[in-house]
Amino acid sequence: MKKIVIVGGGLSGTLVALNLLRASGSGDLSITLVEKKQAGLLGQAYSTNEDLFLLNVPAGKMSAFASDPLDFYNWLLVNNPGHNKESFVPRKWYREYIWETLNNSIKKRKTNIHFFIVNDEAYDVVPGLHLLLLSSGQRLEFDTLILALGNHNPASLEFSDNRYLNHPRYYGSTWDETVFRKRKPGNNVFIIGTGLTMVDTTILLSHSNPAISIKALSTHGFTPMPHLETEADELKKEYRLPSDEINNLTTSSEVFAVVRKHIRAAATEQIKWQTVVDSIRPFTQSIWMRFPVEEKKRFMQHIRHIWGVLRHRIPAQSAKWLNNLKAENRFSITAGRIRSVTLSDENTFEITYRPRHSLQNQTIFADTLINCMGPDSNFENIENPLVRNLLASGLIRTDKLKLGLDCNETGALIDCKGTPSPSLFTIGPPAKGVFFEITGVPEIRVAAEKLADHLRTDINNPVLST
């Protein structure tokens, strides 16, 4: 019997399990999903029950299966009618869809496929014996182990005085559920970071507290751009980048020159820039993998902030909400760098920062400080026992940019000697350094199908060795 163990019950791990459950081979297959939190939460972004937390991608593009692109939309028509393919719907509905799809696949699976969910934490591997060790003392045998670890909390800023980290109103992650459970963490809130997570945090806190004042800061002060707000017919317009103009590019400047050229060309056809940016999405992984390491470093240092706000956009209604808050002087954004965070005599946060293009420091006081800087992708910093033990044993290594774990095109993890493992794989955010564009549903679902297909080919094979 082929034994596949998936560590992580978030979106990536669940999509791999979904595809494996559809296996058509005759050999016996055991699939075990290990998740230390409650099963079915689907990771940080989808675990919320708040209606205000919307998907950042239209419903028509959020199917769990690339081969059945309207699966989620069809589910939506039955379970939450009144929406169209361009609707941005609550994330909790997407979680319900994925969980229902998983349960239906479990019920319909072939009799030779066995599926288990283990509520426990993985902490180490015995490589020679192919054993995954769990915190409870349980041991799971595997032929293939998949690390679907998702995103991790952001790293906290550290200064000479770090007492602020222990303050009860410092939240090291916006996904610390107490932020949203209390709903009124203070009237003056300071947010570090101005990306997608900041948008979620600001909308929810401002909705629950009309008296709140929120200030957000990041190095460049960029915020995500909105998706198009047009009629369905307009959104159906597509723009195709010629593959021969994309396939041989090896620098960021070449890529942006092509994109700018086509934005101008599309404008003559009344096609918006958002559509052109979306058209490069099918090429981004191959472009990134062609970039030399030094070019990747230049991109991360100089361009990723701009690309991020153009590529990872928010619903138009979310952008309107932020604009209204700005008009009411309840929300503002500053570009700059934080120099220190200390505690005042009143036990509030005293934040000293230097605005961008300024030589003078400024100080602001806040009741609450929330870290929304985005996930820490350097796995050498991750407080995960399994990751720490696998790194220490040399079974895995970080990629050269420390954006995640090193792996090959199939997701096979690469050890400290540079050898791809025949039995250890990863998928989703941990593979960001290798694929770059691998954190969104359209990319993860394709990776999940490919990995499941790769693993299905040897379901009838005996136990692999490391």
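For the numbers below, each heavy atom of this structure counts, side chains included, while hydrogens, waters and symmetry mates do not.
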**Q** Determine yes or no for a side-chain-to-main-chain donor-acceptor pair under 3.5 angstrom, with R445 supplying the side chain and P69 the backbone.
**A**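 Between the backbone of P69 and the side chain of R445 there is no qualifying donor-acceptor contact (under 3.5 Å).
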**Q** Does atom CZ of R337 have more than 12 heavy-atom neighbours, drawn from other residues, nucleotides or ligands, at distances under 6.0 Å?
**A**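 Counting neighbours around CZ of R337, 12 or fewer heavy atoms of other residues, nucleotides or ligands fall under 6.0 Å, so no.
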**Q** Supply the atom-to-atom distance T101 OG1 to I106 CD1, rounded to the nearest 0.5 angstrom.
**A**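 Reported value, rounded in 0.5 Å steps: 11.0 Å.
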**Q** Who passes ring-ring contact (aromatic ring centres under 6.0 Å, His included) against Y97, sequence neighbours left out?
**A**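 So Y97 forms a ring-ring contact (aromatic ring centres under 6.0 Å, His included) with F72, W75, Y94.
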**Q** Does S421 reach the main-chain N or O of S423 with its side chain, forming a donor-acceptor pair under 3.5 Å?
**A**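 Answer holds: yes.
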**Q** Distance from I146 atom CD1 to I6 atom CD1, nearest 0.5 Å?
**A**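 Here the interatomic distance stands at 4.5 Å.
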**Q** Between the main-chain N or O of P420 and the side-chain N or O of D415, is there a donor-acceptor pair closer than 3.5 Å?
**A**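 A pair under 3.5 Å: no.
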**Q** Just by distance, do the side chain of S105 and the backbone of L21 share a donor-acceptor pair under 3.5 Å?
**A**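 Checked: no pair found.
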**Q** With rounding to the nearest 0.5 angstrom, report the CG to CG distance, L132 to D124.
**A**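 Separation between the atoms: 8.5 Å.
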**Q** Checking T250 against E295: is there a side-chain donor and acceptor pair closer than 3.5 Å?
**A**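 No.
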**Q** Please test F65 against L18 for side-chain contact (heavy atoms from CB on, under 4.5 Å), starting from the C-alpha separation and ending with a verdict.
**A** CA-CA 9 Å; F65 309 103; L18 270 172; 4.1 Å; yes
**Q** Using the ring pair (Phe, Tyr, Trp, His ring centres under 6.0 Å) rule, collect all pairs that involve residues 382-418, keeping only residues at least two apart or in two chains.
**A**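 Not a single pair qualifies under ring pair (Phe, Tyr, Trp, His ring centres under 6.0 Å).
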**Q** Passes side-chain contact (heavy atoms from CB on, under 4.5 Å), L413 versus L395? Steps please.
**A** CA-CA 8 Å; L413 286 160; L395 289 174; over 6 Å; no
**Q** Go through the side-chain N and O atoms of T174 and T197 and say whether any donor and acceptor fall under 3.5 Å apart.
**A**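 Absent: no donor and acceptor within the cut-off.
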**Q** Who pairs with K92 by salt bridge (charged side-chain N to carboxylate O under 4.0 Å, His left out), at least two apart in sequence or on another chain?
**A**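 If we apply the salt bridge (charged side-chain N to carboxylate O under 4.0 Å, His left out) test to K92, skipping adjacent residues, the hits are D51.
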**Q** Nearest heavy-atom pair of G221 and A335: which atoms, and what distance?
**A**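 Taking every non-hydrogen atom into account, N-CB, 3.7 Å.
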**Q** What is the distance from atom CD1 of I396 to atom SG of C407, rounded to the nearest 0.5 Å?
**A**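 Reported value, rounded in 0.5 Å steps: 11.0 Å.
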**Q** Taking the six-membered ring of F53 as reference, does the cationic atom of R91 (NZ for Lys, CZ for Arg) lie under 6.0 Å from its centre and within 45° of its axis?
**A**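 Judged by the rule (NZ or CZ under 6.0 Å from the ring centre, within 45° of its axis), R91 counts as positioned above F53.
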**Q** What residues, two or more places apart in sequence or in another chain, satisfy ring-ring contact (aromatic ring centres under 6.0 Å, His included) together with Y353?
**A**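 Counting only residues at least two positions away or on another chain, Y353 forms no ring-ring contact (aromatic ring centres under 6.0 Å, His included).
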**Q** After noting the C-alpha distance and the side-chain angles of N381 and K402, does the key distance pass the side-chain contact (heavy atoms from CB on, under 4.5 Å) rule?
**A** CA-CA 10 Å; N381 298 333; K402 298 190 184 301; over 6 Å; no
**Q** Would you name the heavy atoms of D143 and K2 that are closest together and state the gap between them?
**A**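 Taking D143 first and K2 second, the nearest heavy atoms are OD2-CA, 3.3 Å.
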**Q** List in chain and number order the residues that pass ring-ring contact (aromatic ring centres under 6.0 Å, His included) with F222, two or more places apart in sequence or in another chain; answer none if no residue qualifies.
**A**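 Residues passing ring-ring contact (aromatic ring centres under 6.0 Å, His included) with F222: H220.
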**Q** Please check if the number of heavy atoms outside E100 that lie under 6.0 Å from its CD is greater than 12.
**A**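 Yes, because the 6.0 Å sphere around CD of E100 holds more than 12 heavy atoms from other groups.
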**Q** Not counting sequence neighbours, which residues clear side chain to side chain contact (heavy atoms under 4.5 Å, CB included) with R354? List them please.
**A**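 Expected list: R339, N361.
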**Q** Looking only at heavy atoms, what is the nearest atom pair of S279 and P282, with distance?
**A**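 So the two residues come closest at O-CD, 3.3 Å.
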**Q** Should the pair R397-D406 be classified as a salt bridge under the 4.0 Å nitrogen-to-oxygen rule?
**A**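 Yes.
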**Q** Using the ring-ring contact (aromatic ring centres under 6.0 Å, His included) criterion, which residues pair with F88? Sequence neighbours excluded.
**A**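 Partners of F88 by the ring-ring contact (aromatic ring centres under 6.0 Å, His included) criterion, ordered by chain and then number, come out as H227.
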**Q** Locate the shortest heavy-atom distance separating E50 from T48; write the atom from each residue and the value.
**A**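 Distance-wise, the nearest heavy atoms are N-OG1, 2.9 Å.
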**Q** Is R313 salt-bridged to D278, going by a charged N under 4.0 Å from an acidic O?
**A**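 A salt bridge links R313 with D278.
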**Q** Examine distances only and state if a side-chain atom of N80 and a backbone atom of L76 form a donor-acceptor pair shorter than 3.5 Å.
**A**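 Pair absent, no side-chain N/O of N80 close to backbone of L76.
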**Q** Holding to side chain to side chain donor-acceptor pair (under 3.5 Å), I want the full list of residues that pass it with S393, two or more places apart in sequence or in another chain.
**A**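 Side chain to side chain donor-acceptor pair (under 3.5 Å) list for S393, sorted by chain: empty.
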**Q** Could you verify whether a donor N or O on one side chain and an acceptor N or O on the other, from S63 and D68, lie under 3.5 Å apart?
**A**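 No, no side-chain donor-acceptor contact under 3.5 Å.
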**Q** Considering only NZ, NE, NH1 and NH2 on the basic side and carboxylate oxygens on the acidic side, decide whether K296 and D399 come within less than 4.0 Å.
**A**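 Salt bridge flag = no for D399 with K296.
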**Q** Is the backbone N or O of V199 less than 3.5 Å from a side-chain atom of T202, with the two atoms forming a donor-acceptor pair by type?
**A**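 Answer holds: no.
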**Q** Classify the angle between the aromatic ring planes of F349 and H167 as parallel (below 30°), tilted (30 to 60°) or perpendicular (above 60°).
**A**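 Correct class here is tilted.
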**Q** Just distance, no hydrogens or angles: give the donor-acceptor pairs under 3.5 Å from side chains in residues 426-444, sequence neighbours left out.
**A**
residue, atom, partner, partner atom, Å
T426, OG1, L147, O, 2.7
E437, OE1, R311, NE, 3.4
E437, OE2, R311, NH2, 3.3
E443, OE1, R281, NE, 3.3
E443, OE1, R281, NH2, 2.7
E443, OE2, R281, NE, 2.5

**Q** Table please: side-chain donor-acceptor pairs of residues 148-160 below 3.5 Å, with sequence neighbours left out.
**A**
residue, atom, partner, partner atom, Å
N153, OD1, Q44, NE2, 3.0
N153, OD1, S173, OG, 3.2
S156, OG, Y170, OH, 2.8

**Q** Please list, chain by chain and in numerical order, all residues satisfying salt bridge (charged side-chain N to carboxylate O under 4.0 Å, His left out) with K3, sequence neighbours excluded.
**A**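 Per chain and number, K3 pairs via salt bridge (charged side-chain N to carboxylate O under 4.0 Å, His left out) with E141.
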**Q** Does D161 come within less than 4.0 Å of R163, counting only side-chain N to carboxylate O?
**A**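 Salt bridge present between D161 and R163.
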**Q** Under the salt bridge (charged side-chain N to carboxylate O under 4.0 Å, His left out) rule, collect the residues that match up with K297, sequence neighbours excluded.
**A**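 Salt bridge (charged side-chain N to carboxylate O under 4.0 Å, His left out) check on K297 returns E294.
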**Q** Specify the closest pair of heavy atoms between I31 and I113, including all atoms of both residues, with the distance to one decimal.
**A**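 Looking at all heavy atoms of both residues, the shortest contact is CD1-CG2, 3.9 Å.
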**Q** Please answer whether the main-chain N or O of K37 pairs with a side-chain N or O of E35 as donor and acceptor at a distance below 3.5 Å.
**A**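 It does hold such a pair.
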**Q** Can you confirm whether or not the ring centre of H83 sits under 6.0 Å from the ring centre of W93?
**A**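 Yes, the ring of H83 comes within the 6.0 Å limit of the ring of W93, centre to centre.
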**Q** Is the Lys NZ or Arg CZ of R169 less than 6.0 Å from the centre of Y164's six-membered ring, within 45° of the axis?
**A**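 No; the conditions do not both hold, so R169 does not lie above the ring face of Y164.
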**Q** Is there side-chain contact between K61 and K85, with heavy atoms separated by less than 4.5 Å?
**A**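 Side chain of K61 against side chain of K85, heavy atoms only: no contact under 4.5 Å found.
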**Q** Taking the six-membered ring for Trp, are F425 and H454 closer than 6.0 Å centroid to centroid?
**A**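 Yes, the ring centres sit under 6.0 Å apart.
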**Q** I'd like to know if the side chain of S340 pairs up with that of T342 as donor and acceptor (distance under 3.5 Å, no hydrogens or angles considered).
**A**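 Looking only at side-chain atoms, T342 and S340 do not form any donor-acceptor pair under 3.5 Å.
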**Q** Please report the interatomic distance OG1(T144) to CG(L455), rounded to the nearest 0.5 Å.
**A**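 So the OG1 of T144 and the CG of L455 are separated by 5.0 Å.
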**Q** Taking the side chain from N248 and the backbone from D244, do they hold a donor-acceptor pair closer than 3.5 Å?
**A**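 Pair absent, no side-chain N/O of N248 close to backbone of D244.
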**Q** Which heavy atom of A122 sits nearest a heavy atom of V34, and at what distance?
**A**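 Minimum heavy-atom separation between A122 and V34: N-CG1, 4.5 Å.
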**Q** I'd like to know if the side chain of D71 reaches the main chain of A64, judged simply by a donor and an acceptor atom lying under 3.5 Å from each other, with no hydrogens or angles considered.
**A**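 Not confirmed, D71 side chain does not pair with A64 backbone.
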**Q** Within the side chain of N384, is there an N or O that forms a donor-acceptor pair under 3.5 Å with the backbone of V387?
**A**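 Yes, because the side chain of N384 sits within donor-acceptor range (under 3.5 Å) of the backbone of V387.
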**Q** Looking only at side-chain N and O atoms, does R95 offer a donor or acceptor that is under 3.5 Å from a partner on N49?
**A**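 The criterion, which ignores hydrogens and geometry beyond distance, is satisfied for R95 and N49.
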